[in-house]
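Just so it is clear: chains get the letters A, B, ... in the order the sequence lines come, proteins before strands, and each one is counted from 1.
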2 protein chains.
Amino acid sequence: MRGEPNITILAETFRLLGDPTRLKVMCACLEKPMPVAEIARSIDASPSLVSHHLRLLRAARLVRGERRNRQVFYGADDDHVRRMLTDMLAHADEVDVSGDDHGEAAPRI
Amino acid sequence: MRGEPNITILAETFRLLGDPTRLKVMCACLEKPMPVAEIARSIDASPSLVSHHLRLLRAARLVRGERRNRQVFYGADDDHVRRMLTDMLAHADEVDVSGDDHGEAAPRI
DNA sequence: TAGACATTTGAATAGCTGTTCATGTGTGCA
DNA sequence: TGCACACATGAACAGCTATTCAAATGTCTA
């Protein structure tokens, strides 16, 4: 049923999470909301860059920002997003355990 | 522990799935292996383009190709990949049910 | 209010990437 | 062997995007 718009939305979500810096930003504030500067420090990026990425993540409803005095705390937009990413991180761990070098697979057909 | 290489690998996976055409290719051969031409037909893309995308997906061990006479059948590389994507598709459906327009969220802070 | 802090925004740019077109490679059939 | 099918590959290009730097906005405190 209507498997089209979902693909588009899903691809857009994947695309946003497909940038290492942006994924780190997302992970940094997954468990509990964090102010921009602390996210920036924790992933070793400039506040400006982090802010740029947060804007995109916000527009896609992946994160939500809440102002507390001077700082803006960003966190996962909802439990659904949090669970989704947590699952994927777990998957990645499983893959890591199964152990492959991940240095470009042999294309032999 | 070592939460760094995982992020990189996960981001790379997300990046690959972040292109609509490539995601469609992936989905087209998720359940059972499909020859290139049929994948191309099913998603309305040129065989050449599909082949290009399959090469990237193959290099990341997301799909696996097996030759049967003239055709090469592509399918999910393993059950892990299949489950991962199936889960994400389910997530996307859930989101769809919860119903939002997804037309650029209001950035009000 | 002046000034420092925290975040956002805009412009500019270098680098990447999806797509197309043309060509190459491999496989089976007459 | 020659031809047609199925797929892979390479080059080339237009369009996008992550990053940086500079400047603006908003917020609290002295």
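With values rounded to the nearest 0.5 angstrom, A:Met88 atom CE is found 9.0 Å from B:Asp87 atom CG.
Classification of A:Asp77 and A:Arg64 as a salt-bridged pair holds, one side-chain N sitting under 4.0 Å from a carboxylate O.
The shortest heavy-atom contact between B:Arg82 and B:Glu31 is NH1-O, 4.3 Å. Among all heavy-atom pairs drawn from B:Ala76 and B:Val81, the shortest one is CB-CG1, 4.4 Å.
Taking atom CZ of residue A:Arg22 and atom P of nucleotide C:dC16, one finds them 16 Å apart after rounding to whole Å. Per the geometry, CZ belonging to B:Arg41 stands 9 Å off P belonging to D:dC7, to the nearest Å. Remark: C1' of C:dT20 and CG of B:Asp44 are 15 Å apart, rounded to the nearest angstrom. Between the C1' atom of D:dA18 and the CG atom of A:Leu17 lies a distance of 16 Å, rounded to the nearest Å. A:Arg58 places its CZ atom 9 Å from the C1' atom of C:dT8, with the value rounded to the nearest Å. Atoms CD1 (A:Ile39) and P (C:dA6) sit 14 Å apart, rounded to a whole Å. Distance CG (A:Leu16) to P (D:dC16): 16 Å, rounded to an integer number of Å. Atom P of nucleotide D:dT29 and atom CD of A:Gln71 are separated by 12 Å, given to the nearest angstrom.
Between B:Arg15 and D:dA18 there is no side-chain N or O to OP1 or OP2 distance below 4.0 Å. Here B:Tyr74 reaches the OP1 or OP2 of D:dA8: one of its side-chain N or O atoms lies under 4.0 Å away.
Taking only side-chain atoms of A:His52, from C-beta outward, the nucleotide of C:dT19, C:dT8, D:dT20 with the closest atom is D:dT20. Listed candidates were D:dC7, C:dG18, D:dT9. Nearest to the side chain of B:Leu56 is C:dG18.
The residue B:Ser48 sits close to a base: some heavy atom pair falls under 4.0 Å. Looking at heavy-atom distances under 4.0 Å, B:His53 makes contact with sugar-phosphate atoms alone, never a base.
Closest-nucleotide positions on DNA chain D for B:Pro35 and A:Ser46 were compared, and the one nearer the 5' end corresponds to B:Pro35.
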Provide a list of protein-nucleic acid N or O atom pairs under 3.5 angstrom, restricted to nucleotides 25-30 of chain C.
unit_1: C:dG28; atom_1: OP1; unit_2: B:Asn69; atom_2: OD1; d: 3.1

